[in-house]
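We name chains A, B, ... by the order of the sequence lines, and we start the count at 1 in each one. Only this structure's heavy atoms are used, side chains among them; waters, hydrogens and symmetry mates stay out.
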Amino acid sequence: MRKTVFFATFVNFILIVAAFQLIMPITSWSSQKKNTSVIRGVVASQYGMVSDARVRIAGSKDFTLTDINGRYTLETPLFSSRAIKITAGKDGWFNNSVNALPGNQNANVMLFPIPEKDNPNYRFISPAVCARCHNTLAKYWDKSKMAHTTSNVKVINMFNGTDATGRELSGPGYKIDNPDKDGNCVSCHAPSAAVTKGGAKDIEQALWSPKTEWDGISCDYCHKIRKVTKTSDTPSLFKSHLRRQTPLTGNSILVFGPYDDVVNTVMSASFSPAFDKGSYCAACHSQIKKSDSKEPWNRKQVYTDEEWQGFDIGDDSVIPVQTTYQEWRSWQSNLPADDSNKGKRCQDCHMSWRKEMLPYDNYVIEGHARDMWGTKRDPQNIRPHHFDGGTEIQLKTALSMEIEGQINDNILDVNVFITNTNGGHWIPTGDPMRNVMLILSATDSHGKTLKKIKGEELPTWTGVGKIEEGNYAGLPGKMFSKVLKDKKGNINVPFWKATEVAADTRIRPKTTVKLKYQFKIENPDDEPAAEAKLIYRPFMKSLAKVKKWENNDILITQSAW
Amino acid sequence: MNSKRILIFGLIFLMMTTTHVVASDLLSGIVKAQGLRKPDNILVYLTKTPDQITPPQEAFVLDQNNLTFLPHTLVIPMGSTVAFPNNDKVDHNVFSLSRTKKFNFGSYKPGVSHNVIFDKPGIVELRCDLHSEMISYILVMKNSYFALTDKKGNFSIDVKGLAQGKYTLKTWHEKLTNSKLALELPAAVSQKAIINLKRGAPGVLYK
């Protein structure tokens, strides 16, 4: 059956193209400028001409769009003997190509539609398979937290209430509070299990299921996403639409991706504009909770109307747990069209080149695959999959800090300026467990601490005890975080218990927070000094302690006056 | 706190020979930095001199190549122009949100360059938010009495024309605590400053 369908389409193609040739007989090579030739042709399908298809010479940076009649014109450097590969791609169609030969009459491309239906029985391919050809790419993905989130001990611990050593009833656990529910953690932390018919619905089960399901957020999962749309029935308010099929041709792998010029026997590739958008990440980097209480929480205490509307997550009965996507989107949509930061997407910062990957490579595959099917590309069009986030490399430049002091009689005024320089969202973003702390100290010339008269200090939950052990309660400083609160008034509760956001002091993209402090100087002739540190803490102190998690504070930056 | 540091790690001015004191046009010395791989790129500068400086006509260059800003630390007289060419293979977005000088040209392509004039003294932290490893500093100086240390930590500042008197010699490096020392110029040719620094929070250039 497969063959006959193909044959019928092929006949169609010929008819369509023949008909086209009657109306437009000049589909040929003609030299425009001295050193260029012009290639003309049509992009067609079994249903007729395809407009708005992207046509280019494989690997080149520039492309052209077909017009309403499927016609295109490409100008290329003059070529004499070798054929060049003209490719076409469009959302909803497999990419395809044709070899244009010098002197050939036309270069027409036929497109075939992607499968109409998704297949929930599909078994995802292991990343180990992809790594055979996409070696380097897979290496960096493998080092990212997304790659192994299904087996992330911390996620399991929060799910079933264990600690790092596996001891039960140690600290919060979703299952402790909701023994009869699965928590839907899998929809983000084990997505291949979540979407597979009969797949594990609980994160612990996902871990025990056949390998491809616990491969975290895998290559094949992400590259089976065709588009992402808004919805109301997922915890993120977004849904990734997959199109899973084993392709009809040979053993090739069906993938959606950012390229419209991948045409070879190993991949059945389809260009999808979704990959280049921030919303691609929205189905997981957005998490809300519908409040179980009838009364709306007082969100005006925490967010301005503008911020709340920018989130676009619903009315006051909704509790924003993670709003990374929304923070990014409202930052971007509030920028004027000519702003220098306009158009920066998650992919630009989280899928970019890093020094350890140098020298730049022009290919997204290695070894034999490169020799056989490789397309030479500009490094600018290659997206290394490192997904660095709450890591030292990404955090070191995330914020910057400046400090200034002024002595007025026996008072030392200290101003601290903290800027979100590199974040495309608020900082810290992501899970509400993340904290950033400013720790400020003022001392006299003998090193004695000066008494604070004015200015904020760090809350008790930064830890009571020795400073060297990371306990900062009561020190002059500031906490930047989102604080979730439950019905009983407990703060820093896990998201499933939250009934409101008690505070959200995180720093908005590209903005500076100015903090003012005053210290008392005992000896008016003395020369006091001030020192400030900015520290990232991945989990609240008390939680890390009860869970026995290693909790490595990361020093972002420090500054003295 | 500062003076305590000076007591322990601060500057020790050594008189090597005292017999024939010949006044020098150079103020030279060596910086030792605890916890740094190399004691280079440390700024050594004089304050309490007349704040007077003429920027060069030609622009300084802060290059972008292989995901790195070069040089890592650029010291310039106030009023200077700096060119920011992108000589890499990917787009970069050099910008600053420092209070000394804010600018941002957005992402731009290899082969493109932009100029900025730095009209206020102080520290400018450069970033490229697309590449979190990229960071560098432009230090904008009020006077021309400054130098950067070489790989071995040596520096020498041309102090020709500076009136006899008391000055302060300071240091700056992004990973080291600042230090300062009061000194009298002119110094003898044989005099060398030895500066010991340790890791910690860097301070401002001018209080």
With a 4.5 angstrom heavy-atom cut-off, could you sort out which part of Leu395(A) is near chain B: side chain, backbone, both or neither?
-> neither
At what distance, to the nearest 0.5 angstrom, does CE of Met134(B) lie from CG of Asn422(A)?
-> 11.0 Å
Gap separating the OG1 atom of Thr177(B) from the CD atom of Gln558(A), nearest 0.5 angstrom | 9.5 Å
Residues Glu527(A) and Lys207(B) bridged, charged N to O under 4.0 Å = no
Give a yes or no on whether Lys142(B) atom NZ has more than 12 heavy-atom contacts from other residues, nucleotides or ligands under 6.0 Å away.
-> yes
Side-chain heavy atoms of Asn341(A) within contact of Asn104(B), under 4.5 Å | yes
One option among Ser98(B), Cys128(B), Pro110(B) has the most heavy-atom pairs under 4.5 Å with chain A, and it is Ser98(B)
Closest-packed option against chain B by number of heavy-atom pairs under 4.5 Å, given His350(A), Lys396(A), Lys344(A), Gln394(A) = Lys344(A)
Is a side-chain N or O of Glu531(A) found less than 3.5 angstrom from the main chain of Ala201(B), in a donor-acceptor match?
-> no
Salt-bridge test for Lys510(A) and Asp129(B): reply yes if a basic N is under 4.0 Å from a carboxylate O, no otherwise.
-> yes
Exceeds 12 heavy-atom contacts within 6.0 angstrom, atom CG of Asn408(A) | yes
Interface moiety of Ile393(A) toward chain B, non-hydrogen atoms closer than 4.5 Å = both
Which region of Asn362(A), side chain (C-beta onward) or backbone (N, CA, C, O), has a non-hydrogen atom less than 4.5 Å from a non-hydrogen atom of chain B, or is it both or neither?
-> neither
Separation between OG (Ser352(A)) and NE2 (His92(B)), nearest 0.5 Å, reads 10.0 Å
When only heavy atoms count and the cut-off is under 4.5 Å, which of residues 61-79 of chain B reach chain A?
-> Asn66(B), Leu67(B), Thr68(B)
Atom group of Tyr108(B) that falls short of 4.5 Å from chain A, counting heavy atoms | neither
Which atoms of Glu133(B) approach chain A - backbone, side chain, both or neither, heavy atom under 4.5 Å = both
Working to the nearest 0.5 Å, report the span between CG of Asp91(B) and CG of Asp348(A).
-> 9.0 Å
Residues Tyr360(A), Val90(B); criterion side chain to side chain contact (heavy atoms under 4.5 Å, CB included); working and verdict = CA-CA 9 Å; Tyr360(A) 291 107; Val90(B) 296; 3.5 Å; yes
For the side chain of Thr397(A) and the backbone of Ser132(B), is there at least one donor-acceptor N/O pair under 3.5 Å apart?
-> yes
Can you establish whether the number of heavy atoms outside Lys109(B) located under 6.0 Å from its atom NZ is more than 12?
-> no
Chain B contact via Asp378(A) - which portion, at a heavy-atom distance below 4.5 Å | side chain
Within 6.0 Å of NZ in Lys342(A), more than 12 heavy atoms from elsewhere | yes
Minimum heavy-atom distance His131(B)-Trp353(A), with the two atoms named = CD2-O, 3.3 Å
On a heavy-atom basis, the closest approach of Asn93(B) and Ser340(A) is OD1-O, 4.4 Å
Between Glu404(A) and chain B, which part of the residue has a heavy atom less than 4.5 Å away: side chain, backbone, both or neither?
-> side chain
Decide if atom NZ of Lys448(A) counts as having more than 12 heavy atoms of other residues, nucleotides or ligands within a radius under 6.0 Å.
-> no
Between Arg127(B) and Thr421(A), is any side-chain donor less than 3.5 angstrom from a side-chain acceptor?
-> yes
Step through the shown structure and confirm whether more than 12 heavy atoms of other residues, nucleotides or ligands are within 6.0 Å of NZ on Lys102(B).
-> yes
Heavy-atom proximity to chain A below 4.5 Å, by part of Ser96(B) = neither
State whether the number of non-hydrogen atoms from other residues, nucleotides or ligands found under 6.0 Å of Glu356(A) atom CD is greater than 12.
-> yes
Interatomic spacing from CG in Asp88(B) to CD in Gln380(A) - rounded to 0.5 Å = 9.5 Å
Which region of Thr419(A), side chain (C-beta onward) or backbone (N, CA, C, O), has a non-hydrogen atom less than 4.5 Å from a non-hydrogen atom of chain B, or is it both or neither?
-> side chain
dist Ile123(B):CD1 -> Ser400(A):OG (nearest 0.5 Å) comes out at 11.0 Å
